[in-house]
Amino acid sequence: ETTPRQSEVHLLAEEIRAKIAEADQNPDNFQFQRDLGLALYRYAAMKKDFDLLNDSIIILERASNLNRADADLLVSLGHAHFVVAYFAKKSGEFEKARQYYQKVIAIRPDDFDTRTEIGLTFFLQEPPDLKAAIKEFETSLRGNPKHQKTLQFLTQALWKDSRSDEAAKYLEQLRQIDPKNPAIPDLNSLLTQPVPAKQQ
């Protein structure tokens with residue numbers, strides 16, 4: 001016997017499949033593809049449902065092909081691949097995420113959130129490309145010196161690259177901007193650890 005909760009979940013799954021089928025039947029309806037793709041991406045990312053995430057990517061790509069200037073779609077496509085890379089441990093997906101983020105930067109050069117995400121794709125891939133990550137983080141900070149997420153990850157990247165003195169400088173910058181930033185204790189702890197062996 002199914003509980004009310006189970007039947008709700010089943011109904012939701014049926015509704016989602018019906019919407020995806022409707023999107024497949026109306027491939028040229030940009031607004032429908034866009035709205036459904038974005039909603040599906042957010043839901044699938046929250047649930048870490050990778051099958052549904054892949055469905056959302058197909059729909060978002062379809063919408064993006066109908067309007068290549070829609071930077072928000074490109075951001076969501078980048079994020080979708082990023083989520084797969086990070087949570088499903090598929091490092092190659094970081095490269096796909098990066099390609100979409102770079103298209104966003106071509107449209108919105110001052111999008112420092114996205115510039116930071118590009119840095120993160122280099123930082124989190126296996127093996128990490130610390131030089132490329134640091135370069136992106138520093139570019140982001142030149143545009144927005146108070147970008148806290150950038151400061152957090154630049155601190156980590158510099159420490160990993162055996163540049164702990166520089167890392168400490170950016171951690172201090174973060175502390176000046178927001179002394180209550182929840183990342184500060186962990187970063188403090190990180191910088192007290194021995195510097196890792198220099199990566200080639």
Side-chain angles (χ1 to χ4, degrees), residues 34 37-38 41-42 44-46 53 56-57 60-61 63-65 67-184 186-187 190-191 196 199:
R34 185 186 195 278
L38 291 172
Y41 151 67
R42 291 187 192 109
M46 181 182 70
L53 207 50
S56 79
I57 287 170
L60 287 168
E61 282 177 344
S64 186
N65 287 334
N67 182 358
R68 295 180 189 278
D70 189 324
D72 291 335
L73 275 177
L74 295 168
V75 168
S76 292
L77 274 161
H79 287 349
H81 285 290
F82 191 105
V83 169
V84 173
Y86 188 77
F87 289 105
K89 305 290 183 236
K90 293 185 177 178
S91 194
E93 291 286 315
F94 282 124
E95 171 64 31
K96 292 181 185 174
R98 185 154 59 240
Q99 288 169 2
Y100 283 111
Y101 291 147
Q102 284 164 341
K103 289 178 182 179
V104 175
I105 294 298
I107 297 168
R108 299 195 304 222
D110 293 340
D111 186 335
F112 303 114
D113 290 337
T114 298
R115 177 80 67 185
T116 299
E117 296 299 324
I118 294 174
L120 276 173
T121 64
F122 286 118
F123 180 68
L124 294 170
Q125 71 182 29
E126 288 295 339
D129 184 339
L130 295 176
K131 296 278 184 291
I134 289 165
K135 182 182 172 205
E136 293 295 341
F137 293 146
E138 287 177 339
T139 302
S140 177
L141 275 187
R142 276 198 295 277
N144 180 1
K146 294 186 175 181
H147 199 285
Q148 294 187 38
K149 186 174 180 180
T150 311
L151 287 164
Q152 288 173 39
F153 284 101
L154 180 55
T155 300
Q156 291 181 48
L158 287 165
W159 178 81
K160 264 194 165 183
D161 200 39
S162 305
R163 294 158 64 182
S164 55
D165 288 348
E166 289 174 74
K169 182 184 79 173
Y170 286 109
L171 175 54
E172 182 55 33
Q173 203 170 314
L174 177 62
R175 192 182 283 110
Q176 294 292 327
I177 293 163
D178 180 10
K180 292 189 170 69
N181 184 299
I184 288 173
D186 287 341
L187 292 171
L190 182 72
L191 295 193
Q199 298 189 14

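All values below were derived from every heavy atom in this structure, side-chain atoms included, with hydrogens, water molecules and symmetry-related copies excluded. Remember, it's a predicted structure, so these values are computed and weren't measured experimentally.
Closest non-hydrogen pair, Asp178 versus Gln148, comes out as OD2-OE1, 3.1 Å. Residues Val104 and Ala71 come closest through the heavy atom pair CG2-O, 3.8 Å. Shortest non-hydrogen contact noted between Leu53 and Ala45 is CD1-N, 4.0 Å. The minimum heavy-atom distance linking Phe112 with Ser140 is given by the pair O-OG, 3.3 Å. For the residue pair Ala97 and Gly78, the shortest heavy atom distance occurs at CB-O, 3.3 Å. Summarising the geometry of Ala167 relative to Leu191, their closest heavy-atom pair is CB-CD2, 3.9 Å, with the distance given to 0.1 Å.
Contacts of Lys90 classified as side-chain contact (heavy atoms from CB on, under 4.5 Å), with partners at least two apart in sequence or in another chain: Val84, Ala88, Glu93. Under the salt bridge (charged side-chain N to carboxylate O under 4.0 Å, His left out) criterion, Glu166 pairs with Arg163, not counting sequence neighbours. Legend: residues meeting ring pair (Phe, Tyr, Trp, His ring centres under 6.0 Å) with His147, ordered by chain and number and at least two apart, are absent. The salt bridge (charged side-chain N to carboxylate O under 4.0 Å, His left out) search around Lys103 returns none, not counting sequence neighbours. For Phe82, the ring pair (Phe, Tyr, Trp, His ring centres under 6.0 Å) partners are Phe94, not counting sequence neighbours. When the side chain to side chain donor-acceptor pair (under 3.5 Å) test is applied to Thr114, the partners found at least two apart in sequence or on another chain are Asp111. Asp186 pairs by the side chain to side chain donor-acceptor pair (under 3.5 Å) definition with nothing, not counting sequence neighbours. Listed by chain and residue number, nothing satisfies the side chain to side chain donor-acceptor pair (under 3.5 Å) test with Gln102 (two or more places apart in sequence, or in another chain). Checked against side chain to side chain donor-acceptor pair (under 3.5 Å), Tyr170 has no partners two or more places apart in sequence or in another chain. Scanning for ring pair (Phe, Tyr, Trp, His ring centres under 6.0 Å) contacts around Tyr100 gives His81, with sequence neighbours left out. Applying the salt bridge (charged side-chain N to carboxylate O under 4.0 Å, His left out) test to Glu138 and every residue at least two apart in sequence or in another chain returns nothing. Residues satisfying the side-chain contact (heavy atoms from CB on, under 4.5 Å) test with Ala132, not counting sequence neighbours, are Phe122, Asp129.
We find the CG-CG distance between Leu60 and Asp72 to be 11.5 Å, quoted to the nearest 0.5 Å. We find the CZ-CD1 distance between Phe153 and Ile134 to be 13.5 Å, quoted to the nearest 0.5 Å. Interatomic distance, Leu124 CG to Glu117 CD, rounded to the nearest 0.5 Å: 9.5 Å. The NE2 atom of His79 sits 11.0 Å away from atom CG of Leu38, with the distance rounded to the nearest 0.5 Å. The distance from atom CD of Gln156 to atom CG of Leu190, rounded to the nearest 0.5 Å, is 6.5 Å. Here CZ of Arg42 is found 6.0 Å from OG of Ser76. Values are rounded to the nearest 0.5 Å.
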Stepwise side chain to side chain contact (heavy atoms under 4.5 Å, CB included) test for Gln176 and Gln173: CA-CA 5 Å; Gln176 294 292 327; Gln173 203 170 314; 5.8 Å; no
Using side chain to side chain contact (heavy atoms under 4.5 Å, CB included), reason through Arg108 and Ile105 one step at a time and then give a plain yes or no. CA-CA 5 Å; Arg108 299 195 304 222; Ile105 294 298; over 6 Å; no
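When side chains are defined from C-beta on, Ser64 counts as touching Leu74, because their heavy atoms get closer than 4.5 Å. Leu187 places a side-chain heavy atom less than 4.5 Å from the side chain of Leu174. When side chains are defined from C-beta on, Thr150 does not count as touching Arg115, because their heavy atoms never get closer than 4.5 Å.
Between the side chains of Glu95 and Gln99, at least one donor N or O lies within less than 3.5 Å of an accepting N or O.
Of the residues Asp113, Leu154, Asn181, Leu120, the one that meets the side chain to side chain contact (heavy atoms under 4.5 Å, CB included) test with Lys149 is Leu120.
Look at Lys131 and Asp161 and you find a salt bridge, because one of the NZ, NE, NH1 or NH2 atoms lies within 4.0 Å of a carboxylate O, short of that distance.
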